[in-house]
Amino acid sequence: MLSPIDHYLQALHARLSDVTSGELASYIPELTKADPAWLGISIVTMDGVAYTVGDADQLFTIQSISKPFVYGMALADRGQENMAEKVGVEPSGDAFNSISLHPRTGAPLNPMINAGAIATTSLVAGRTTEAQWERIESSIATFVGHPVTVDESVYRSESATGHRNRAIAWMLKNFGIVEGEPMDSLENYFRQCAIQVSCRDLAYMAATLANGGVHPLTGRRALPTEHVGQVLSVMATCGMYDFAGSWLYEVGMPAKSGVGGGVIAVVPGRFGIAIFSPRLDAKGNSVRGIEACRHLSRDFGLHMFQQARDPRQALGRVYTGADASSRRKPAGPARQHLIDHAHRIKYLSLHGMLGVDGVEYVIRCMLGMAGDTDCFILDMNQVSGLAESAAQMLHEVRRALAADGKPVVCSRVHRRAAILQPLAKAARNLDRGFLVFEDNDLAVEWCENRLLQGLGATEELAVPLAESPLLRGFSDDLLRLMDTHMSTESYTAGDSILKAGEAGDGRIFFIETGRVSILVPLDDGGHQRISSLGPGMEFGEMTLLGQTQRTASVVADNDVRCRVLRVNDLERLAQQAPQAKILLLENLAKDLAVKLRGATQWIAALA
Ligand code: DON
């Protein structure tokens, strides 16, 4: 079924098809071979979905749209300060092929006009022009998400006729802006302009900039985050040449056009947009491309200066350790203590791209809850990125709360650089920073342990068999009799006690001392801990219900001693004392009911 976005794009395509003004670029003879009727529109979301309409897969040459991307490469290779000496960032208000150089230094005013772009191409890393070309080609491919090729006939056509650009390149050499052989760099520039892309490809390139430099589908980084804002700024002020002011005023998106008929526009954190229609206006911008962006900006409210953000969006659900406890099941007094105090653990589920505004709100809420809280867990699962300033604020509040005896930990960061890097940078010179847990279960268990500190290390004491939940209601005689049918097994930390998938051998384990983790295998070969059990708890009991295959693995966390009952021995015992089996099964049914209730609560808390 088509989405409403598809319907919108189809209507826009139909409306723009009637616009027939503008001319094909003819100063590169090969470009006149384009079909003037071609029209493609593509929008890519931050999770990598492409909406397309019309000629979105028709290949054409990227031309000037390559300029901001190559500028990004040069920034990454040379650093912003070195680049500033060679190429400025001032809008020229002149045409794309103008010779707008700084009167004293000869530095081109910006990297979007040809002079700045030729200089930029010459500054990309590489010991030879061939190596520089490889860097340009492979980096553009990372932005697109697949390898790219050059339209050799367009390249040759421009190289044969591009005398004005040749003059510009020599002038740049004269001012010492181009360091090497200017004609070699110029050929690289012509080749980069002749890279073939589709409208869909361009939308992914724009989306990669919108997504902080990471391709939304491949997940590969095409540009370091710190240069994304710089590239988008020159696109916003210079990307549409002598139309840039009106463009920003009306459409309000960083953009870039090319004489091949492409236009890209970037809505940071939201969309990459591309339009392909080869009829150009007098300034060299696609007529329908501009018109399409006008509509999209107005209809979808994309103008960058007309964005209202509600900081409350940064915070999703807030719940407590009482709503969702860890899967570790303590016994004895520890259990009661957690029942009484688990509400003092607070989970905060954070959302989206966290800036100072959102984090200010989150911190305000945390401070409001602090009186009633012993530990905070910041669940980062839904966070797409974190501004450095926001990371700094989080560290500051973490340190202040820690000084008050209230730790703040993070969970589910999933090794994402967009979160870890700003956190690490902000923590520098402070301390070891946030404690980060793989999942909420481990985070809440850590918090529960904090709550239990001071209660005494109850788990180091052996818990007698009589306290096992599965043996509730057993008389002393019955327990003694059962004990004679059991054996003892001991394990050390890391020992595998049971393996998921193995045939069950009918053993039921009653933990006397130590702790075990119950792990289920995941598709990717890893494991998820579903539970952690200590003294007085049992495992393997599903074998009582006739389960023949172990569904989970059990690993010893430390030194573990268990009493073990085999189902065959239970059958022998049941012949002597049938009520032993009846009681065991009754208790098992009650425990399963409790587990089911717990699972339902988790699902409700996460919904
Ligand atoms: O330098 C040139 O003339 C071209 N190869 C690129 C110019 C271009 O795309 C201008 N943009 N609208």
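Numbering of ligands and ligand atoms starts at 1, following listing order. The first residue of the sequence shown is numbered 1, and numbering continues consecutively from there.
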* Which residue pairs pass the salt bridge (charged side-chain N to carboxylate O under 4.0 Å, His left out) test with at least one member in residues 171-182, sequence neighbours excluded? -> Arg78-Glu179, Lys86-Glu179
Where does ligand 1 get N/O contacts under 3.5 Å from the protein, atom by atom?
unit_1: ligand 1; atom_1: 1 (O); unit_2: Asn114; atom_2: OD1; d: 3.4
unit_1: ligand 1; atom_1: 1 (O); unit_2: Asn114; atom_2: ND2; d: 2.9
unit_1: ligand 1; atom_1: 1 (O); unit_2: Asn165; atom_2: ND2; d: 3.0
unit_1: ligand 1; atom_1: 1 (O); unit_2: Tyr189; atom_2: OH; d: 2.5
unit_1: ligand 1; atom_1: 3 (O); unit_2: Tyr27; atom_2: OH; d: 2.5
unit_1: ligand 1; atom_1: 3 (O); unit_2: Asn114; atom_2: ND2; d: 3.4
unit_1: ligand 1; atom_1: 3 (O); unit_2: Glu158; atom_2: OE2; d: 3.3
unit_1: ligand 1; atom_1: 5 (N); unit_2: Gln63; atom_2: OE1; d: 2.7
unit_1: ligand 1; atom_1: 5 (N); unit_2: Glu158; atom_2: OE1; d: 2.8
unit_1: ligand 1; atom_1: 5 (N); unit_2: Glu158; atom_2: OE2; d: 2.7
unit_1: ligand 1; atom_1: 9 (O); unit_2: Ser64; atom_2: N; d: 3.0
unit_1: ligand 1; atom_1: 9 (O); unit_2: Ser64; atom_2: OG; d: 2.6
unit_1: ligand 1; atom_1: 9 (O); unit_2: Val259; atom_2: N; d: 2.8
unit_1: ligand 1; atom_1: 11 (N); unit_2: Ser64; atom_2: OG; d: 3.1
unit_1: ligand 1; atom_1: 11 (N); unit_2: Tyr241; atom_2: OH; d: 3.1
unit_1: ligand 1; atom_1: 12 (N); unit_2: Gly284; atom_2: O; d: 3.1

* Structure fact -> So salt bridge (charged side-chain N to carboxylate O under 4.0 Å, His left out) across residues 262-286, not counting sequence neighbours, yields Asp242-Lys283
* Aromatic contact, His102 with Phe175 (centres under 6.0 Å) -> no
* Structure fact -> For Glu152, the salt bridge (charged side-chain N to carboxylate O under 4.0 Å, His left out) test, sequence neighbours excluded, returns Arg191
* With distance as the sole test, does Arg220 use its side chain to make a donor-acceptor pair with the main-chain N or O of Pro216 at under 3.5 Å? -> no
* Step through it carefully: locate the ring centre of His215, locate the ring centre of Phe143, and say whether they are under 6.0 Å apart. => no
